[in-house]
Novice: 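Shown below is the structure under consideration.
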Amino acid sequence: MDVFDREMSRETIFKDRNVLSPHYLPDHLPHREAEIERIMKILAPSLKGKKPNNIFIYGKTGTGKTATVKHVIDKLIQAKEKYNANVGSVYINCRTHNRKYQILLKIAEILYPDENFMGFASTHLYDRIMDYIQNTGVIYVVVLDEVDQVKDVDDLLYMLTRANDHLQQGHIAIIGISNNVTFMDKLDPRSKSTLMQEEMVFPPYNAVQLKSILSERVAQAFKPGMCKDSALELAAAYAAQESGDARYALKLILRAGDIADEKGEPVSDIHVKQARSAVEEDIVLDLISTLPEHPAIVLYAIASLIREGGKYPTLGGESGEKFLFSGEVYEKYEKVCREWARKPRSARWYREYLKELEMMGLITLTMSGKGIRGNTQLIKLAFSPDKVLSAIEKKFE
DNA sequence: CCTCCACAGGAAGCGCAGGAGT
DNA sequence: ACTCCTGCGCTTCCTGTGGAGG
């Protein structure tokens, strides 16, 4: 009996592990009923051949934006069959298709599945797309997930929305999804007003909501009684702390499930706690791997200063939390740069790196208030310095 | 109260790379 | 093949801000 045989014959606590994967689309989305209804209402005119409004959806990661939209699109396609309506749709993830050209190409490829558009100019793609819509009179819903990733958004939106003015029949409707608040400010006012005919904000889930989301999935993923209620509750509580991220909650339970499965035990609190540390490590590693060189060095400077205690250790003394001063970190950053034979960036740009690191959730920034001279940012590391340091050292070999 | 500190963050501009237009 | 244009990453310069210190 070899390893394969033993693994195959082993009893597992999972019924369907796949249900917990980040790509799994559940049939039922708890606590998003109102959002689903609103989007359906907005899209409903398309079934009668009328143009629906464009929608812009904003919400933090793990608030169910993508799942909700995909769910509604599924329903729209079902309704299309039922009422024999002339509607179509594409879902495009702009992280992988982050330029106007790639998006037009993707649309063209779907509209003309038998043709090869490689190497065609984007104006040609545009014309062909317009031809299709004009000739068929279809109402075409384009979902742009993570729109903020598109380099030439203004161009793209202008092109797609202005197209509608030239169409005698048919229409392009846009659903934009983003988790970046500042994205709206960077938009051209014209594209802003067209994209945001309807604006929706998806709030983060609270602990109670996360619990009910988890329990639905857990019931499908594990065999009966193989995931304790307390474990589920703990995972929900951890995720609620992490800004209500349902994806994080699912990751936790999946990881905890794997740990428990290995031992052949039902999932309990201990496994969730272990999973948390493991998932956190994954996240740190993942974030740092995509980090450009200089932000990584800045982060390294922060982590090593935290470990050394910093120039002004535990100032303020609030629960012993260690804060660093912006200037102090910049000096350290310059020093590390010299040691690693890199030319340090200017202090101005260093501040941009700090903001970037904050947006990624690697550090937290607080403006200095009472008790501190001058007006400066106080920097706190979101993860353990040792994990961060080793991850960055690994990155630089 | 004024001044100084220790920065924050806006504006302008620069060199470069890669596409679009011709 | 060539110019032109545009976005990106960055520097330089500058004005603004909130509290400390005298």
Novice: For A:Lys100 and C:dG7, what is the distance between atoms NZ and P respectively, to the nearest whole Å?
Specialist: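 Rounding to the nearest Å, NZ of A:Lys100 and P of C:dG7 are 10 Å apart.
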Novice: C:dC10, OP1 or OP2 - any side-chain N/O from A:Tyr353 closer than 4.0 Å?
Specialist: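 So the side-chain polar atoms of A:Tyr353 do come within 4.0 Å of the phosphate oxygens OP1 or OP2 of C:dC10, strictly under.
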Novice: May I have the distance from A:Glu328 (atom CD) to B:dC7 (atom P), rounded to whole angstrom?
Specialist: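 Taking atom P of B:dC7 as the reference, CD of A:Glu328 is at 9 Å.
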Novice: Using a cut-off of strictly less than 4.0 Å, decide whether A:Trp349 has a side-chain nitrogen or oxygen near OP1 or OP2 of C:dT11.
Specialist: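 So the side-chain polar atoms of A:Trp349 never come under 4.0 Å of the phosphate oxygens OP1 or OP2 of C:dT11.
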Novice: Under 4.0 Å, heavy atoms only, any strand: does A:Arg351 hit a base, just the sugar-phosphate, or nothing?
Specialist: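 Base: the residue A:Arg351, judged by heavy atoms under 4.0 Å, touches a nucleobase.
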Novice: Please tell me if the side chains of A:Pro26 and A:Gln220 come closer than 4.5 Å, counting only heavy atoms from C-beta onward.
Specialist: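 Result no, sub-4.5 Å side-chain heavy-atom pair not found.
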Novice: Separation of A:Met367 atom CE from B:dG9 atom P, in whole Å?
Specialist: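 Computing the A:Met367:CE to B:dG9:P distance gives 5 Å.
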Novice: Starting at CD of A:Glu331 and ending at P of B:dA6, how long is that distance when rounded to a whole Å?
Specialist: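 Rounded to whole Å, this separation is 11 Å.
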Novice: Are more than 12 heavy atoms, taken from residues, nucleotides or ligands other than A:Lys15, located less than 6.0 Å from that residue's NZ atom?
Specialist: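 Counting neighbours around NZ of A:Lys15, more than 12 heavy atoms of other residues, nucleotides or ligands fall under 6.0 Å, so yes.
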Novice: Flag yes if more than 12 heavy atoms outside A:Glu262 fall under 6.0 Å of its CD atom; otherwise flag no.
Specialist: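 Count not over threshold, so no.
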Novice: Starting at atom CD of A:Glu352, determine the distance to atom P of C:dG9, rounded to an integer number of angstrom.
Specialist: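 For the pair A:Glu352 CD and C:dG9 P, the rounded distance is 11 Å.
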Novice: From the options C:dG16, C:dC13, C:dC10, select the nucleotide whose nearest atom is closest to the side chain of A:Asn375.
Specialist: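 Looking only at side-chain atoms, A:Asn375 lies closest to C:dG16.
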Novice: May I ask you to check whether over 12 heavy atoms, not counting those of A:Tyr83, lie within 6.0 Å of atom OH?
Specialist: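 For A:Tyr83, atom OH is not crowded (no more than 12 foreign heavy atoms under 6.0 Å).
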Novice: Looking at A:Thr376, does any N or O in its side chain come under 4.0 Å of the phosphate oxygens OP1/OP2 on B:dC5?
Specialist: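 Result: no.
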Novice: Specify the separation, in whole Å, of atom CD of A:Gln377 and atom C1' of C:dG18.
Specialist: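 After rounding, the reported distance stands at 13 Å.
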Novice: Does a side-chain N-to-carboxylate-O contact under 4.0 Å join A:Asp282 and A:Arg255?
Specialist: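 Yes, charged N to carboxylate O under 4.0 Å.
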Novice: Round to a whole Å and report the spacing from OH of A:Tyr330 to C1' of B:dA8.
Specialist: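 It is 15 Å, rounded to the nearest whole Å.
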Novice: Mind checking A:Tyr350 for me? I need base, sugar-phosphate or nothing, with any heavy atom below 4.0 Å counting as a touch.
Specialist: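 Nothing, no nucleic acid heavy atom in range.
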Novice: Considering only side-chain heavy atoms of A:Arg348, which listed nucleotide, C:dT12, B:dC7, C:dC10, is closest?
Specialist: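 Nearest nucleotide to the side chain: C:dT12.
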Novice: To the nearest Å, how far apart are A:Arg345 CZ and C:dG9 P?
Specialist: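 Checked: the CZ to P distance equals 11 Å.
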Novice: Applying a 4.0 Å non-hydrogen cut-off, can you work out what A:Ser326 is touching in the nucleic acid: base, sugar-phosphate, or nothing?
Specialist: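 Contact class for A:Ser326: sugar-phosphate only.
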